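The figures here come from the full heavy-atom set of this structure, side chains too, leaving out hydrogens, waters and symmetry mates. Both ligands and their constituent atoms are indexed starting at 1 by order of listing. Predicted model only: the values in this text are computed from it and were never measured.
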Amino acid sequence: MSMLKIGVLASGRGSNFQSIIDEIESQHLDAEIVLLITDNPSAFAIERAKKHGVHYLIMRPKEFHSKDEFFIKTAEELKERHVELVVLAGFMRIVRKPLIDAFPNRIMNIHPALLPAFPGLHGQRQALEYGAKISGCTVHFVDEGMDTGPIIIQAAVPIFQDDTEETLSERILKYEHKIYPEAIRLFSEERIEVKGRMVSIKGDTFSEAFIVNPAIKKNPE
Ligand code: GAR
């Protein structure tokens, strides 16, 4: 199997982008990030791209006539570099049809909650304010809705009584950095099968599709 070509879209800090770079550099993931596109000229993700020799583009949506045009151009740039999988890593925009149609079931997103709970912005804050006891993160394929596409992998983490948005976000982020590269690895091994909104993983023995923080299993039996 040839090396998977990945395009990353990020708007900010880029720690998920970094976790993918790290997995590739440590040879746990047979892939190559051929392009980073950011909509934010001050995104820290750009520094990470520079440090690791990833080609990057800054594309500001307001410089386009419409949102659709922005996504048409984005798709063109990705296609030009023969991208096979588009990875949204803290990309804070709703992806529109022209990009989704160009990469059907080939765009992944990570969300900091257990979907379908708490979609949209501030998934961690929403879970806290709702009084949930367990939250986590979800890797899913992107469709035209807001965090509604087929779910690939989830990880659960506990919410403690004294948690703040910061402490919970930090706990969830550690698992984001585990499950995102894992989902990409499964994709690169051609083990992900999508039927409607059902995702199955070929050759999955117990389950590679979920990770439960051991702290949750106080009394597992
Ligand atoms: C991550 O927590 C990611 O799950 C979240 O933004 C953060 C980006 O961090 N994404 C969303 O909320 C998308 N709806 P990063 O830039 O350090 O990867």
**Request:** Would you check if there is a donor-acceptor pair between the side chains of D39 and S11 at a distance under 3.5 Å?
**Result:** yes

**Asked** Taking the inter-plane angle between the rings of F70 and F91 on a 0 to 90° scale, is it parallel (under 30°), tilted (30 to 60°) or perpendicular (over 60°)?
**Response** parallel

**Message:** My understanding is that only residues two or more places apart in sequence, or in another chain, count here; which of them pass side-chain contact (heavy atoms from CB on, under 4.5 Å) with A113?
**Reply:** H111, F118, S135

**Request:** Could you pull out all residues at least two apart from I94 that satisfy side-chain contact (heavy atoms from CB on, under 4.5 Å)?
**Result:** M146

**Item:** Separation between CG of L128 and CG of L168, rounded to the nearest 0.5 Å
**Value:** 5.0 Å

Report every pair formed by an N or O atom of ligand 1 and a protein N or O atom separated by less than 3.5 Å, giving atom names and the distance to 0.1 Å.
| unit_1 | atom_1 | unit_2 | atom_2 | d |
| --- | --- | --- | --- | --- |
| ligand 1 | 2 (O) | E176 | OE1 | 3.2 |
| ligand 1 | 2 (O) | E176 | OE2 | 2.9 |
| ligand 1 | 4 (O) | E176 | OE1 | 2.8 |
| ligand 1 | 4 (O) | E176 | OE2 | 3.3 |
| ligand 1 | 9 (O) | R13 | NH2 | 3.1 |
| ligand 1 | 16 (O) | G14 | N | 2.7 |
| ligand 1 | 17 (O) | R13 | NE | 2.6 |
| ligand 1 | 17 (O) | R13 | NH2 | 3.1 |
| ligand 1 | 17 (O) | S15 | N | 2.7 |
| ligand 1 | 17 (O) | S15 | OG | 2.6 |
| ligand 1 | 18 (O) | S15 | N | 3.4 |
| ligand 1 | 18 (O) | N16 | N | 3.0 |
| ligand 1 | 18 (O) | N16 | ND2 | 3.0 |

**Message:** Going by the rule side-chain contact (heavy atoms from CB on, under 4.5 Å), which residues pair with I72 if we only count those two or more places apart in sequence or in a different chain?
**Reply:** E76, P98

